[in-house]
Amino acid sequence: MSAAGGVAGAAGRTPAAGPGDDGVGAPAPTVDRAQYGLAAVLAVVGVGTVVDSAGLGPGFADQVVRPAAFGYVIGSALVVLAVLLAVATARGDRAEGEAGEDVDLDQGTDWRTLAGLAGVLAATVALLDLLGWAIVGALLFAGAATVLGNRHWVRNLLIGAVMSVGSWYGFYVGLGIPIPAGVLDGVL
């Protein structure tokens, strides 16, 4: 078919309105404000990274690249990406789901699930020093899986315990990075 027949072009856009099309009945374009929020977060994190990198020490004299260079590159890239995202959003670009993705972008946010996940994360932060990573990591996995719809509590706790103890040993023994053991100090 020709472009005038209504088939989208190679770029995925529909053809411009012809002489007989007045645009009546066409849906008004929607602005995805969440993309503006993401652009703002990217810009703030990018600027913060650049400012924080300015305070880094000079490092060693034999270093070709100073420690702050990495922060400058990452922070600048975040700011550039924030500007590009804001411009793309202003032009009407909107995220599209993958072909196999089971997400309806027109559906609203599930605030109950989001609040449940925020509660699980807040409890993780609050209990980490007291109980230690092995216990809190298991609760984090089990709580997040349950909030997201899995109703096998015992299996969630067992999988979470294996993952958290395994990651504790991986960091503490394998990498030498101390992670709080909490009440299991001396047992692990």
Side-chain angles (χ1 to χ4, degrees), residues 12 27 29-52 70-71 74-75 77-86 88-90 92-188:
T30 58
V31 176
D32 191 0
R33 293 183 311 219
Q35 289 188 21
Y36 283 124
L38 179 59
V41 168
L42 283 173
V44 167
V45 170
V47 169
T49 302
V50 169
V51 169
D52 196 35
F70 183 73
I74 297 298
L78 287 173
V79 171
V80 168
L81 288 174
V83 170
L84 291 175
L85 179 59
T89 303
D93 289 350
R94 188 170 171 185
E96 294 182 22
E98 295 290 326
E101 193 173 353
D102 188 21
V103 175
D104 184 8
L105 294 176
D106 295 324
Q107 190 70 14
T109 302
D110 183 3
W111 292 107
R112 182 173 180 242
T113 302
L114 189 61
L117 289 173
V120 168
L121 288 174
T124 300
V125 170
L127 297 173
L128 184 60
D129 285 335
L130 176 66
L131 298 178
W133 173 249
I135 295 173
V136 173
L139 295 175
L140 170 67
F141 179 83
T146 303
V147 167
L148 291 173
N150 191 325
R151 298 294 174 223
H152 303 282
W153 295 38
V154 174
R155 183 174 60 190
N156 293 345
L157 281 170
L158 289 174
I159 292 171
V162 168
M163 290 175 57
S164 63
V165 169
S167 64
W168 187 87
Y169 275 113
F171 277 94
Y172 195 80
V173 176
L175 298 174
I177 299 173
I179 295 179
V183 296
L184 296 178
D185 192 20
V187 176
L188 292 176

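For clarity, every value in this text was computed on a predicted model and none was experimentally measured.
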Counting only heavy atoms not in R33, do more than 12 fall under 6.0 Å of its CZ? no
Crowding at OH, Y36 (>12 non-hydrogen neighbours, <6.0 Å): yes
Please report the interatomic distance [atom1]([X]) to [atom2]([Y]), rounded to the nearest 0.5 Å.
X: D93; Y: L84; atom1: CG; atom2: CG; value: 11.0 Å
X: T146; Y: N156; atom1: OG1; atom2: CG; value: 4.5 Å
X: L158; Y: R155; atom1: CG; atom2: CZ; value: 10.0 Å
X: L78; Y: L85; atom1: CG; atom2: CG; value: 12.0 Å
X: F171; Y: I177; atom1: CZ; atom2: CD1; value: 6.0 Å

With a 4.5 Å heavy-atom cut-off, do L148 and L117 have their side chains touching? yes
Minimum heavy-atom distance L42-A82, with the two atoms named: CB-CB, 3.7 Å
Could you tell me which non-hydrogen atom of P180 sits nearest to which non-hydrogen atom of W168, and how far apart they are? O-NE1, 3.7 Å
For residues 125-143, please give each side-chain donor-acceptor pair under 3.5 Å, one per line with the distance, not counting sequence neighbours.
residue	atom	partner	partner atom	Å
W133	NE1	S164	O	3.3
W133	NE1	S167	OG	2.8

